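Nothing here was measured: the structure is a model prediction, and the numbers come from that model. By convention in this document, chain letters (A, B, ...) are assigned in the order of the sequence lines, proteins followed by strands, and residues within each chain are numbered from 1.
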Amino acid sequence: MSKPSIPKGTRDFGPRAMARRQWVCSTIRGVFERHGFLPVETPSFENLKTLTGKYGEEGDKLIFRILNNGDYLSKANAEALISKDSKLLTPTISKKALRYDLTVPFARFVVMNRNELTFPFRRYQIQPVWRGDRPGKGRYQEFTQCDADIIGSTSALCELDLVQVFSEALDALGVPGYTVLINDRRILAAVALSMGVGADRLTDWTVAVDKYDKVGVEGVVKELEVRGFDHDVASGIEKLFEINSASNSLDVLSNIASVISSNSEGMKGVSDMRTLLSRATADGIDAPKIKFDAMLARGLDYYTGAIFEVRVADSPVGSICGGGRYDDLTGIFGWSGMSGVGISFGVDRIEDVLTHFNKFPDALDLTTDVLVMYMNEKNCDVELQLVSQLRSQGLAVEMYPDPVKLKKQMKYAGDRDIPFVVMIGDAERTAGKVTLKNMSDGSQELLLTTEVFKYVSS
RNA sequence: GUGGGUAUAGCUCAGUUGGUUAGAGCACUGGUUUGUGGUACCAGGGGCCGUGGGUUCAAAUCCCAUUAUCCACCCCA
(Lines give C-alpha, C1' and ligand atoms only; values in the text may rest on other atoms or scores of the structure.)
Protein backbone atom coordinates (compact mmCIF):
# COMPACT_ATOMS: atom_id res chain seq x y z
CA MET A 1 0.00 0.00 0.00
CA SER A 2 1.62 3.24 -1.07
CA LYS A 3 -0.26 6.24 0.16
CA PRO A 4 0.81 9.51 -1.41
CA SER A 5 2.61 11.93 0.86
CA ILE A 6 4.46 15.20 0.82
CA PRO A 7 7.93 15.87 2.25
CA LYS A 8 8.08 16.69 5.92
CA GLY A 9 8.08 20.36 6.69
CA THR A 10 5.84 21.12 3.71
CA ARG A 11 2.09 21.61 3.61
CA ASP A 12 -0.73 21.67 1.12
CA PHE A 13 -3.01 24.66 1.46
CA GLY A 14 -6.69 24.03 0.82
CA PRO A 15 -9.18 26.75 -0.08
CA ARG A 16 -9.75 27.69 3.54
CA ALA A 17 -6.05 28.07 4.36
CA MET A 18 -5.52 29.95 1.11
CA ALA A 19 -8.28 32.43 1.94
CA ARG A 20 -6.51 33.16 5.23
CA ARG A 21 -3.04 33.30 3.78
CA GLN A 22 -4.08 35.56 0.92
CA TRP A 23 -5.74 37.87 3.40
CA VAL A 24 -2.56 38.00 5.51
CA CYS A 25 -0.41 38.71 2.46
CA SER A 26 -2.70 41.31 0.97
CA THR A 27 -2.99 43.11 4.31
CA ILE A 28 0.79 43.29 4.61
CA ARG A 29 1.14 44.23 0.94
CA GLY A 30 -1.26 47.11 1.45
CA VAL A 31 0.88 48.52 4.26
CA PHE A 32 4.06 48.08 2.20
CA GLU A 33 2.53 49.94 -0.72
CA ARG A 34 1.29 52.79 1.47
CA HIS A 35 4.91 53.21 2.57
CA GLY A 36 6.09 53.43 -1.02
CA PHE A 37 7.68 50.00 -1.35
CA LEU A 38 7.81 48.56 -4.86
CA PRO A 39 7.33 44.88 -5.69
CA VAL A 40 10.16 42.63 -6.85
CA GLU A 41 10.46 38.90 -7.40
CA THR A 42 13.60 36.82 -7.75
CA PRO A 43 14.10 33.18 -8.82
CA SER A 44 13.35 30.46 -6.31
CA PHE A 45 16.89 29.18 -6.76
CA GLU A 46 20.17 31.00 -6.97
CA ASN A 47 23.74 30.12 -7.73
CA LEU A 48 25.04 28.32 -4.67
CA LYS A 49 27.86 30.82 -4.31
CA THR A 50 25.36 33.65 -3.97
CA LEU A 51 23.92 32.09 -0.85
CA THR A 52 26.79 30.45 1.00
CA GLY A 53 28.63 32.30 3.72
CA LYS A 54 25.80 34.72 4.49
CA TYR A 55 23.85 32.99 7.20
CA GLY A 56 26.44 31.80 9.63
CA GLU A 57 27.82 28.32 9.92
CA GLU A 58 24.54 26.76 11.03
CA GLY A 59 22.55 28.62 8.40
CA ASP A 60 24.76 27.41 5.58
CA LYS A 61 24.09 23.82 6.57
CA LEU A 62 20.37 24.38 6.12
CA ILE A 63 20.56 25.57 2.52
CA PHE A 64 18.82 23.16 0.16
CA ARG A 65 21.25 22.33 -2.59
CA ILE A 66 20.18 21.32 -6.07
CA LEU A 67 22.03 18.45 -7.64
CA ASN A 68 23.58 19.25 -11.01
CA ASN A 69 21.77 17.86 -14.01
CA GLY A 70 23.28 15.21 -16.22
CA ASP A 71 26.10 12.91 -15.26
CA TYR A 72 27.08 14.93 -12.27
CA LEU A 73 29.36 12.32 -10.77
CA SER A 74 31.68 12.36 -13.75
CA LYS A 75 32.71 15.87 -12.80
CA ALA A 76 32.76 15.21 -9.07
CA ASN A 77 35.89 15.55 -7.03
CA ALA A 78 37.18 11.97 -7.16
CA GLU A 79 39.17 12.26 -3.98
CA ALA A 80 36.18 13.56 -2.05
CA LEU A 81 33.98 10.83 -3.51
CA ILE A 82 36.26 8.05 -2.36
CA SER A 83 36.86 9.50 1.07
CA LYS A 84 33.15 10.28 1.42
CA ASP A 85 33.95 13.87 2.25
CA SER A 86 30.59 15.54 1.72
CA LYS A 87 31.86 19.01 2.43
CA LEU A 88 34.46 18.77 -0.30
CA LEU A 89 32.22 16.85 -2.70
CA THR A 90 29.12 19.06 -2.57
CA PRO A 91 30.49 22.09 -4.45
CA THR A 92 31.58 19.83 -7.29
CA ILE A 93 28.15 18.25 -7.80
CA SER A 94 25.86 21.15 -6.88
CA LYS A 95 26.01 24.64 -8.30
CA LYS A 96 22.51 25.87 -7.49
CA ALA A 97 20.45 26.11 -4.32
CA LEU A 98 16.97 27.13 -3.18
CA ARG A 99 16.92 30.59 -1.64
CA TYR A 100 17.19 30.64 2.14
CA ASP A 101 15.73 34.11 2.63
CA LEU A 102 14.74 37.10 0.49
CA THR A 103 17.38 39.56 1.71
CA VAL A 104 20.47 38.02 0.15
CA PRO A 105 18.85 37.51 -3.28
CA PHE A 106 17.69 41.12 -3.01
CA ALA A 107 21.24 42.33 -2.36
CA ARG A 108 22.32 40.36 -5.43
CA PHE A 109 19.45 41.92 -7.40
CA VAL A 110 20.42 45.43 -6.33
CA VAL A 111 24.01 44.97 -7.43
CA MET A 112 22.98 43.54 -10.80
CA ASN A 113 20.40 46.26 -11.46
CA ARG A 114 22.13 49.20 -9.88
CA ASN A 115 21.91 51.30 -13.03
CA GLU A 116 18.16 50.97 -13.40
CA LEU A 117 17.22 51.54 -9.77
CA THR A 118 16.62 54.86 -8.07
CA PHE A 119 18.13 55.09 -4.61
CA PRO A 120 17.26 54.97 -1.83
CA PHE A 121 15.39 51.97 -3.19
CA ARG A 122 12.41 50.53 -1.32
CA ARG A 123 11.23 47.15 -2.41
CA TYR A 124 8.89 44.54 -1.08
CA GLN A 125 8.89 40.87 -1.94
CA ILE A 126 6.44 38.13 -1.00
CA GLN A 127 7.72 34.68 -1.89
CA PRO A 128 8.49 31.32 -0.35
CA VAL A 129 11.90 30.41 1.03
CA TRP A 130 13.34 26.99 1.92
CA ARG A 131 15.38 25.80 4.85
CA GLY A 132 16.52 22.26 5.54
CA ASP A 133 15.60 22.60 9.17
CA ARG A 134 14.21 19.82 11.28
CA PRO A 135 10.49 20.60 11.17
CA GLY A 136 8.63 21.30 14.38
CA LYS A 137 5.98 23.52 15.81
CA GLY A 138 5.95 26.67 13.68
CA ARG A 139 8.96 25.45 11.70
CA TYR A 140 8.60 24.43 8.11
CA GLN A 141 11.02 23.59 5.35
CA GLU A 142 9.04 25.75 2.96
CA PHE A 143 7.54 28.98 4.20
CA THR A 144 6.55 32.37 2.88
CA GLN A 145 8.16 35.63 3.84
CA CYS A 146 6.98 39.18 3.22
CA ASP A 147 10.06 41.38 3.11
CA ALA A 148 10.41 45.13 2.93
CA ASP A 149 13.86 46.69 2.60
CA ILE A 150 15.22 50.18 2.13
CA ILE A 151 18.65 50.21 0.60
CA GLY A 152 20.92 53.15 -0.07
CA SER A 153 20.40 55.21 3.05
CA THR A 154 21.93 55.15 6.50
CA SER A 155 19.27 57.39 7.98
CA ALA A 156 17.61 56.27 11.19
CA LEU A 157 14.33 57.33 9.62
CA CYS A 158 14.45 54.07 7.70
CA GLU A 159 14.32 52.12 10.94
CA LEU A 160 11.40 54.25 12.07
CA ASP A 161 9.63 53.61 8.79
CA LEU A 162 9.98 49.86 9.25
CA VAL A 163 8.86 49.98 12.87
CA GLN A 164 5.75 51.79 11.64
CA VAL A 165 5.22 49.09 9.04
CA PHE A 166 5.44 46.46 11.77
CA SER A 167 2.93 48.24 13.91
CA GLU A 168 0.49 49.10 11.12
CA ALA A 169 0.52 45.63 9.62
CA LEU A 170 0.31 43.71 12.88
CA ASP A 171 -2.52 45.95 14.08
CA ALA A 172 -4.36 45.50 10.79
CA LEU A 173 -3.94 41.74 11.08
CA GLY A 174 -5.18 41.82 14.65
CA VAL A 175 -2.16 39.97 16.03
CA PRO A 176 -2.75 40.00 19.80
CA GLY A 177 -0.08 40.90 22.34
CA TYR A 178 2.84 41.43 20.01
CA THR A 179 6.08 43.21 20.92
CA VAL A 180 8.63 44.61 18.50
CA LEU A 181 11.96 43.97 20.20
CA ILE A 182 14.81 46.18 19.09
CA ASN A 183 18.53 46.19 19.74
CA ASP A 184 21.64 47.22 17.91
CA ARG A 185 24.57 45.04 16.97
CA ARG A 186 26.94 47.91 17.78
CA ILE A 187 25.60 48.02 21.32
CA LEU A 188 25.88 44.27 21.57
CA ALA A 189 29.50 44.41 20.39
CA ALA A 190 30.35 47.20 22.84
CA VAL A 191 28.75 45.34 25.74
CA ALA A 192 30.64 42.19 24.83
CA LEU A 193 33.88 44.12 24.61
CA SER A 194 33.28 45.66 28.02
CA MET A 195 33.11 42.14 29.39
CA GLY A 196 36.32 41.18 27.68
CA VAL A 197 34.84 39.45 24.64
CA GLY A 198 36.78 40.42 21.55
CA ALA A 199 35.41 40.83 18.05
CA ASP A 200 36.69 37.38 17.09
CA ARG A 201 34.47 35.69 19.67
CA LEU A 202 31.52 38.02 19.24
CA THR A 203 29.38 35.64 17.17
CA ASP A 204 29.94 32.85 19.65
CA TRP A 205 28.96 35.15 22.45
CA THR A 206 25.82 36.49 20.75
CA VAL A 207 24.62 33.01 19.87
CA ALA A 208 24.78 32.11 23.56
CA VAL A 209 23.13 35.36 24.65
CA ASP A 210 20.36 34.89 22.09
CA LYS A 211 19.26 31.78 23.89
CA TYR A 212 18.40 33.70 27.00
CA ASP A 213 14.63 33.71 26.46
CA LYS A 214 14.68 29.93 26.08
CA VAL A 215 17.10 28.83 28.78
CA GLY A 216 17.20 31.78 31.19
CA VAL A 217 20.25 33.45 32.67
CA GLU A 218 21.70 30.28 34.19
CA GLY A 219 21.34 28.59 30.83
CA VAL A 220 23.26 31.32 29.08
CA VAL A 221 26.00 31.26 31.73
CA LYS A 222 26.31 27.51 31.29
CA GLU A 223 26.32 27.88 27.52
CA LEU A 224 29.11 30.44 27.70
CA GLU A 225 31.19 28.14 29.85
CA VAL A 226 30.64 25.30 27.40
CA ARG A 227 31.82 27.60 24.64
CA GLY A 228 35.02 28.26 26.57
CA PHE A 229 34.42 31.73 27.91
CA ASP A 230 35.96 32.42 31.30
CA HIS A 231 33.96 32.98 34.42
CA ASP A 232 34.09 36.78 34.29
CA VAL A 233 32.31 36.80 30.95
CA ALA A 234 29.68 34.44 32.24
CA SER A 235 29.03 36.49 35.34
CA GLY A 236 28.91 39.63 33.23
CA ILE A 237 25.77 38.17 31.71
CA GLU A 238 24.06 38.28 35.06
CA LYS A 239 24.76 41.97 35.24
CA LEU A 240 23.49 42.49 31.71
CA PHE A 241 20.37 40.59 32.59
CA GLU A 242 19.83 42.82 35.59
CA ILE A 243 20.23 45.93 33.46
CA ASN A 244 17.88 44.51 30.87
CA SER A 245 15.15 43.76 33.36
CA ALA A 246 14.42 47.44 34.00
CA SER A 247 10.84 48.02 32.99
CA ASN A 248 11.44 51.09 30.84
CA SER A 249 13.35 50.79 27.57
CA LEU A 250 15.00 54.19 28.04
CA ASP A 251 16.24 53.19 31.51
CA VAL A 252 17.79 50.07 30.05
CA LEU A 253 19.54 52.20 27.45
CA SER A 254 20.85 54.62 30.08
CA ASN A 255 22.27 51.79 32.13
CA ILE A 256 23.84 50.25 29.05
CA ALA A 257 25.31 53.62 28.14
CA SER A 258 27.07 53.87 31.47
CA VAL A 259 28.70 50.50 30.87
CA ILE A 260 29.93 51.25 27.35
CA SER A 261 30.40 55.02 27.52
CA SER A 262 33.95 54.82 26.23
CA ASN A 263 32.94 52.96 23.08
CA SER A 264 31.97 55.48 20.40
CA GLU A 265 30.36 52.95 18.01
CA GLY A 266 28.33 51.51 20.83
CA MET A 267 27.25 54.98 21.95
CA LYS A 268 26.16 55.75 18.39
CA GLY A 269 23.95 52.69 18.64
CA VAL A 270 22.54 53.87 21.94
CA SER A 271 21.72 57.27 20.54
CA ASP A 272 20.09 55.77 17.41
CA MET A 273 18.00 53.50 19.60
CA ARG A 274 16.92 56.44 21.76
CA THR A 275 15.95 58.44 18.69
CA LEU A 276 14.04 55.51 17.25
CA LEU A 277 12.15 54.93 20.49
CA SER A 278 11.21 58.57 20.95
CA ARG A 279 10.06 58.97 17.35
CA ALA A 280 8.05 55.78 17.57
CA THR A 281 6.45 57.05 20.77
CA ALA A 282 5.58 60.32 19.03
CA ASP A 283 3.86 58.22 16.38
CA GLY A 284 1.83 56.44 19.03
CA ILE A 285 3.94 53.29 19.03
CA ASP A 286 4.92 52.73 22.62
CA ALA A 287 5.43 49.99 25.19
CA PRO A 288 4.41 47.21 25.16
CA LYS A 289 4.31 47.26 21.36
CA ILE A 290 7.98 48.23 21.16
CA LYS A 291 10.74 47.43 23.60
CA PHE A 292 14.49 47.72 23.70
CA ASP A 293 15.97 44.34 24.59
CA ALA A 294 19.69 44.28 25.34
CA MET A 295 19.70 40.49 25.10
CA LEU A 296 18.26 40.33 21.60
CA ALA A 297 20.96 39.05 19.26
CA ARG A 298 19.52 37.18 16.24
CA GLY A 299 21.31 34.53 14.33
CA LEU A 300 22.00 35.92 10.88
CA ASP A 301 25.55 37.02 10.24
CA TYR A 302 24.99 40.00 8.03
CA TYR A 303 23.34 42.39 10.50
CA THR A 304 25.55 45.26 11.65
CA GLY A 305 23.25 47.90 13.16
CA ALA A 306 19.68 47.87 14.37
CA ILE A 307 18.06 44.45 14.75
CA PHE A 308 14.37 43.66 15.09
CA GLU A 309 12.31 40.75 16.17
CA VAL A 310 8.59 40.47 16.82
CA ARG A 311 7.29 38.08 19.41
CA VAL A 312 3.77 37.31 20.54
CA ALA A 313 2.96 36.68 24.19
CA ASP A 314 1.86 33.08 24.89
CA SER A 315 2.42 32.25 21.23
CA PRO A 316 2.58 28.63 20.09
CA VAL A 317 5.48 29.51 17.78
CA GLY A 318 8.71 31.50 17.90
CA SER A 319 9.17 34.99 16.55
CA ILE A 320 6.82 35.99 13.74
CA CYS A 321 8.95 38.74 12.20
CA GLY A 322 12.61 39.67 12.06
CA GLY A 323 14.91 42.16 10.48
CA GLY A 324 17.78 44.54 10.85
CA ARG A 325 20.35 46.78 9.25
CA TYR A 326 23.11 45.37 7.12
CA ASP A 327 25.84 47.81 6.18
CA ASP A 328 27.59 45.95 3.47
CA LEU A 329 25.58 43.03 2.15
CA THR A 330 26.06 44.27 -1.41
CA GLY A 331 29.80 44.53 -0.83
CA ILE A 332 30.06 40.76 -1.11
CA PHE A 333 28.68 41.06 -4.63
CA GLY A 334 31.12 43.78 -5.57
CA TRP A 335 29.41 47.01 -4.67
CA SER A 336 30.37 48.42 -1.29
CA GLY A 337 28.87 51.19 0.72
CA MET A 338 25.20 50.42 0.19
CA SER A 339 23.70 50.29 3.63
CA GLY A 340 20.29 48.72 3.86
CA VAL A 341 17.72 47.86 6.46
CA GLY A 342 14.89 45.42 6.13
CA ILE A 343 12.19 43.47 7.85
CA SER A 344 10.46 40.21 7.20
CA PHE A 345 7.02 38.94 8.14
CA GLY A 346 6.60 35.18 8.49
CA VAL A 347 3.25 34.44 6.86
CA ASP A 348 3.12 30.88 8.15
CA ARG A 349 3.76 31.80 11.75
CA ILE A 350 1.32 34.69 11.60
CA GLU A 351 -1.22 32.21 10.28
CA ASP A 352 -0.37 29.86 13.17
CA VAL A 353 -0.71 32.64 15.75
CA LEU A 354 -4.01 33.95 14.41
CA THR A 355 -5.37 30.43 14.19
CA HIS A 356 -4.23 29.66 17.74
CA PHE A 357 -5.91 32.75 19.17
CA ASN A 358 -8.87 32.36 16.83
CA LYS A 359 -8.36 35.88 15.52
CA PHE A 360 -9.04 35.45 11.83
CA PRO A 361 -11.96 37.56 10.68
CA ASP A 362 -15.08 35.65 9.73
CA ALA A 363 -16.18 35.41 6.12
CA LEU A 364 -12.74 35.20 4.57
CA ASP A 365 -13.76 32.13 2.66
CA LEU A 366 -14.46 32.78 -0.98
CA THR A 367 -17.46 31.16 -2.49
CA THR A 368 -19.73 31.48 -5.46
CA ASP A 369 -22.56 33.98 -5.09
CA VAL A 370 -25.09 32.16 -7.26
CA LEU A 371 -25.44 28.57 -8.42
CA VAL A 372 -27.64 28.04 -11.45
CA MET A 373 -29.24 24.61 -11.48
CA TYR A 374 -29.12 22.37 -14.52
CA MET A 375 -32.69 21.10 -14.82
CA ASN A 376 -33.65 20.72 -18.44
CA GLU A 377 -31.29 18.29 -20.20
CA LYS A 378 -32.38 19.33 -23.66
CA ASN A 379 -31.94 23.06 -23.43
CA CYS A 380 -29.98 25.23 -21.06
CA ASP A 381 -29.66 28.36 -23.17
CA VAL A 382 -31.59 30.51 -20.75
CA GLU A 383 -29.41 29.31 -17.89
CA LEU A 384 -26.16 30.03 -19.71
CA GLN A 385 -27.39 33.45 -20.72
CA LEU A 386 -28.25 34.25 -17.11
CA VAL A 387 -24.85 33.03 -15.93
CA SER A 388 -23.07 35.35 -18.37
CA GLN A 389 -25.30 38.25 -17.50
CA LEU A 390 -24.72 37.93 -13.75
CA ARG A 391 -20.97 37.51 -14.22
CA SER A 392 -20.80 40.67 -16.28
CA GLN A 393 -22.59 42.41 -13.44
CA GLY A 394 -19.76 41.35 -11.15
CA LEU A 395 -21.15 38.31 -9.36
CA ALA A 396 -19.35 35.01 -8.96
CA VAL A 397 -21.65 32.57 -10.71
CA GLU A 398 -21.44 28.96 -11.72
CA MET A 399 -23.80 26.53 -13.35
CA TYR A 400 -24.04 22.97 -12.16
CA PRO A 401 -22.42 21.00 -14.98
CA ASP A 402 -24.65 17.92 -14.99
CA PRO A 403 -28.44 17.62 -15.24
CA VAL A 404 -28.65 15.43 -12.15
CA LYS A 405 -31.29 15.34 -9.49
CA LEU A 406 -32.11 18.65 -7.87
CA LYS A 407 -31.48 17.15 -4.48
CA LYS A 408 -27.90 16.52 -5.41
CA GLN A 409 -27.40 19.97 -6.88
CA MET A 410 -29.01 21.50 -3.83
CA LYS A 411 -26.70 19.59 -1.53
CA TYR A 412 -23.74 20.81 -3.54
CA ALA A 413 -24.87 24.41 -3.04
CA GLY A 414 -25.30 23.76 0.68
CA ASP A 415 -21.88 22.11 1.03
CA ARG A 416 -20.25 25.00 -0.80
CA ASP A 417 -22.05 27.61 1.30
CA ILE A 418 -23.41 29.19 -1.86
CA PRO A 419 -25.99 31.73 -0.68
CA PHE A 420 -28.30 31.77 -3.73
CA VAL A 421 -29.59 29.18 -6.14
CA VAL A 422 -31.47 29.81 -9.39
CA MET A 423 -33.91 27.24 -10.72
CA ILE A 424 -35.40 27.40 -14.17
CA GLY A 425 -37.82 24.53 -14.63
CA ASP A 426 -40.65 24.11 -17.11
CA ALA A 427 -42.99 26.36 -15.14
CA GLU A 428 -40.46 29.20 -14.94
CA ARG A 429 -39.48 28.76 -18.56
CA THR A 430 -43.10 29.12 -19.69
CA ALA A 431 -43.60 32.19 -17.53
CA GLY A 432 -40.34 33.72 -18.71
CA LYS A 433 -39.12 33.92 -15.15
CA VAL A 434 -36.69 32.20 -12.77
CA THR A 435 -36.93 31.03 -9.18
CA LEU A 436 -34.27 32.46 -6.86
CA LYS A 437 -33.79 30.55 -3.65
CA ASN A 438 -32.07 32.06 -0.64
CA MET A 439 -30.18 29.16 0.92
CA SER A 440 -29.79 30.69 4.34
CA ASP A 441 -33.52 31.00 5.10
CA GLY A 442 -34.96 28.79 2.39
CA SER A 443 -37.19 31.51 0.94
CA GLN A 444 -37.91 31.62 -2.79
CA GLU A 445 -38.91 34.36 -5.19
CA LEU A 446 -40.21 34.19 -8.75
CA LEU A 447 -38.29 36.86 -10.67
CA LEU A 448 -37.46 38.18 -14.10
CA THR A 449 -33.83 37.45 -15.03
CA THR A 450 -33.12 41.17 -14.90
CA GLU A 451 -34.21 41.29 -11.25
CA VAL A 452 -31.86 38.59 -9.99
CA PHE A 453 -28.82 40.81 -9.62
CA LYS A 454 -30.69 43.29 -7.44
CA TYR A 455 -31.92 40.57 -5.07
CA VAL A 456 -28.58 38.85 -4.76
CA SER A 457 -26.52 41.97 -4.23
CA SER A 458 -28.82 43.51 -1.64
C1' G B 1 21.70 13.75 16.49
C1' U B 2 19.32 11.75 21.71
C1' G B 3 14.96 9.93 24.35
C1' G B 4 9.73 8.61 24.36
C1' G B 5 4.97 7.70 21.91
C1' U B 6 2.08 6.20 17.71
C1' A B 7 1.02 3.32 13.06
C1' U B 8 -6.25 -0.48 12.19
C1' A B 9 -11.71 2.32 6.46
C1' G B 10 -10.92 8.71 2.95
C1' C B 11 -10.63 11.25 8.29
C1' U B 12 -10.73 10.67 13.95
C1' C B 13 -10.19 6.48 16.66
C1' A B 14 -12.12 1.54 19.51
C1' G B 15 -10.48 -3.54 19.38
C1' U B 16 -10.66 -7.56 26.30
C1' U B 17 -5.68 -12.66 29.21
C1' G B 18 -3.51 -14.02 21.58
C1' G B 19 -9.25 -17.30 19.41
C1' U B 20 -12.37 -18.21 14.21
C1' U B 21 -16.84 -13.05 9.93
C1' A B 22 -11.96 -6.50 12.62
C1' G B 23 -15.83 -2.26 14.75
C1' A B 24 -17.84 3.00 15.72
C1' G B 25 -18.42 8.18 14.52
C1' C B 26 -17.72 11.50 10.54
C1' A B 27 -17.42 11.44 5.17
C1' C B 28 -19.24 8.91 0.68
C1' U B 29 -23.39 6.27 -2.38
C1' G B 30 -28.56 4.92 -2.68
C1' G B 31 -33.51 5.18 -0.49
C1' U B 32 -37.77 7.28 2.61
C1' U B 33 -38.85 12.43 -0.89
C1' U B 34 -39.12 11.58 -9.73
C1' G B 35 -38.75 20.21 -8.48
C1' U B 36 -35.54 21.61 -3.28
C1' G B 37 -29.73 21.44 0.75
C1' G B 38 -28.98 21.66 6.27
C1' U B 39 -32.58 17.61 10.43
C1' A B 40 -34.26 12.44 11.03
C1' C B 41 -34.60 7.28 9.81
C1' C B 42 -33.18 2.90 6.62
C1' A B 43 -29.72 0.43 3.48
C1' G B 44 -24.92 0.05 1.03
C1' G B 45 -19.79 0.38 -0.63
C1' G B 46 -15.31 0.56 1.25
C1' G B 47 -9.46 -2.79 5.28
C1' C B 48 -2.44 -6.75 2.96
C1' C B 49 -4.52 -3.99 10.89
C1' G B 50 2.66 0.60 8.04
C1' U B 51 6.50 -3.10 5.95
C1' G B 52 9.65 -7.60 6.68
C1' G B 53 10.78 -11.55 9.72
C1' G B 54 9.97 -14.58 14.30
C1' U B 55 7.08 -17.22 18.45
C1' U B 56 2.31 -20.12 18.33
C1' C B 57 -2.48 -25.03 16.63
C1' A B 58 -3.88 -19.78 16.15
C1' A B 59 -1.21 -12.84 15.77
C1' A B 60 -4.36 -6.37 14.63
C1' U B 61 -2.88 -8.30 19.64
C1' C B 62 3.52 -11.10 21.86
C1' C B 63 9.07 -10.54 20.18
C1' C B 64 12.90 -8.50 16.71
C1' A B 65 14.05 -5.42 12.69
C1' U B 66 12.67 -1.56 9.36
C1' U B 67 10.12 2.73 7.58
C1' A B 68 6.96 6.74 8.44
C1' U B 69 4.98 10.10 11.80
C1' C B 70 4.19 12.97 16.46
C1' C B 71 6.19 15.00 21.17
C1' A B 72 10.39 16.56 24.19
C1' C B 73 15.62 17.76 24.06
C1' C B 74 19.33 19.79 20.64
C1' C B 75 19.50 23.47 16.93
C1' C B 76 17.21 27.44 14.50
C1' A B 77 13.48 33.78 11.66
Side-chain angles (χ1 to χ4, degrees), chain A residues 1-9 14 54-63 99-104 128-147 181 206-208 210-211 213-215 219 222-223 226 296-303 307-312 315-324 342-350 352-353 371 373-377 400 403-429 434-444 446:
Chain A
M1 169 162 59
S2 81
K3 284 183 186 169
S5 63
I6 55 175
K8 59 182 175 180
K54 314 295 190 299
Y55 306 110
E57 203 183 320
E58 285 300 319
D60 277 6
K61 285 185 200 158
L62 302 178
I63 296 172
R99 63 167 169 250
Y100 180 90
D101 71 356
L102 300 177
T103 307
V104 169
V129 302
W130 294 267
R131 296 184 188 177
D133 232 344
R134 187 169 292 268
K137 210 181 297 169
R139 286 168 68 190
Y140 310 102
Q141 295 204 336
E142 178 182 62
F143 57 100
T144 298
Q145 294 193 321
C146 305
D147 272 34
L181 300 173
T206 51
V207 167
D210 200 33
K211 291 183 184 171
D213 64 308
K214 293 245 173 58
V215 297
K222 217 182 204 170
E223 180 78 23
V226 169
L296 177 68
R298 293 185 51 78
L300 296 180
D301 263 7
Y302 49 68
Y303 294 125
I307 48 181
F308 310 109
E309 191 161 302
V310 179
R311 297 195 192 136
V312 174
S315 160
V317 299
S319 58
I320 57 170
C321 307
I343 56 172
S344 178
F345 291 79
V347 174
D348 305 77
R349 288 189 172 180
I350 289 171
D352 289 343
V353 166
L371 176 72
M373 299 295 196
Y374 194 169
M375 293 171 72
N376 184 334
E377 304 185 38
Y400 200 89
V404 295
K405 271 189 287 199
L406 255 201
K407 182 183 164 76
K408 191 172 163 114
Q409 301 189 39
M410 207 54 92
K411 179 166 163 48
Y412 172 80
D415 288 349
R416 288 276 317 274
D417 288 322
I418 295 174
F420 292 97
V421 159
V422 167
M423 287 170 285
I424 307 172
D426 294 340
E428 288 87 351
R429 206 172 294 271
V434 304
T435 294
L436 178 71
K437 173 164 176 152
N438 181 330
M439 293 295 280
S440 56
D441 60 16
S443 64
Q444 299 189 178
L446 192 62

(message) Quick check on contacts: within residues 138-145 of chain A, what sits under 4.0 Å from RNA chain B by heavy-atom distance?
(response) A:R139, A:F143, A:Q145
(request) For residues 134-143 of chain A, pull every pair meeting salt bridge (Lys or Arg N to Asp or Glu O under 4.0 Å), keeping only residues two or more places apart or in separate chains. (result) A:D133-A:R139
(message) Between B:G53 and B:U17, how many Å separate the two P atoms, rounded to a whole number?
(response) 29 Å
(request) Not counting sequence neighbours, which residues clear ring pair (Phe, Tyr, Trp, His ring centres under 6.0 Å) with A:Y412? List them please. (result) A:Y400
(request) Not counting sequence neighbours, which residues clear side chain to side chain contact (heavy atoms under 4.5 Å, CB included) with A:D415? List them please. (result) A:K411
(message) With rounding to the closest Å, how many angstrom separate the C1' atoms on B:A60 and B:A14?
(response) 12 Å
(request) Calculate the interatomic distance between A:R134 atom CZ and B:C71 atom P; express it in whole Å. (result) 12 Å
(message) Taking B:A9 as the reference, what is the distance to B:G3 when you measure between their C1' atoms (whole Å, please)?
(response) 33 Å
(request) Check side chain to side chain contact (heavy atoms under 4.5 Å, CB included) between A:S319 and all other residues, then give those that pass, not counting sequence neighbours. (result) A:E309, A:R311, A:R349
(request) Output all residues satisfying side-chain hydrogen bond (donor to acceptor under 3.5 Å, both in side chains) with A:D101, sequence neighbours left out; order by chain, then residue number. (result) A:Y55, A:Y302
(message) Rounding to an integer number of angstrom, what distance separates B:A7 and B:U61 when you compare their C1' atoms?
(response) 14 Å
(message) Taking side chain to side chain contact (heavy atoms under 4.5 Å, CB included) as the definition, give me every residue that meets it alongside A:S315, ordered by chain and number, with sequence neighbours left out.
(response) A:V312, A:V317, A:V353
Atom pairs, N/O to N/O, protein against nucleotides 3-7 of chain B, distance under 3.5 Å?
none

(request) Using Watson-Crick or G-U wobble pairs with both distances under 3.5 Å, give me RNA chain B in dot-bracket, 5' to 3', with [ ] for crossers and | for pairs to another strand. (result) (((((((..((((.....[...)))).(((((.......))))).....(((((..]....))))))))))))....
(request) Encode nucleotides 32-44 of chain B as B, S and - characters from 5' to 3', where the letter depends on protein heavy atoms closer than 4.0 Å: B to the base, S only to sugar-phosphate, - to neither. (result) B--BBBB------
(message) In this structure, how many angstroms lie between the P atom of B:C71 and the NZ atom of A:K8, rounded?
(response) 12 Å
(message) List the residues meeting salt bridge (Lys or Arg N to Asp or Glu O under 4.0 Å) with A:K407, not counting sequence neighbours, and say none if there are none.
(response) none
(request) For A:K8, check salt bridge (Lys or Arg N to Asp or Glu O under 4.0 Å) against everything at least two apart and list the hits. (result) none
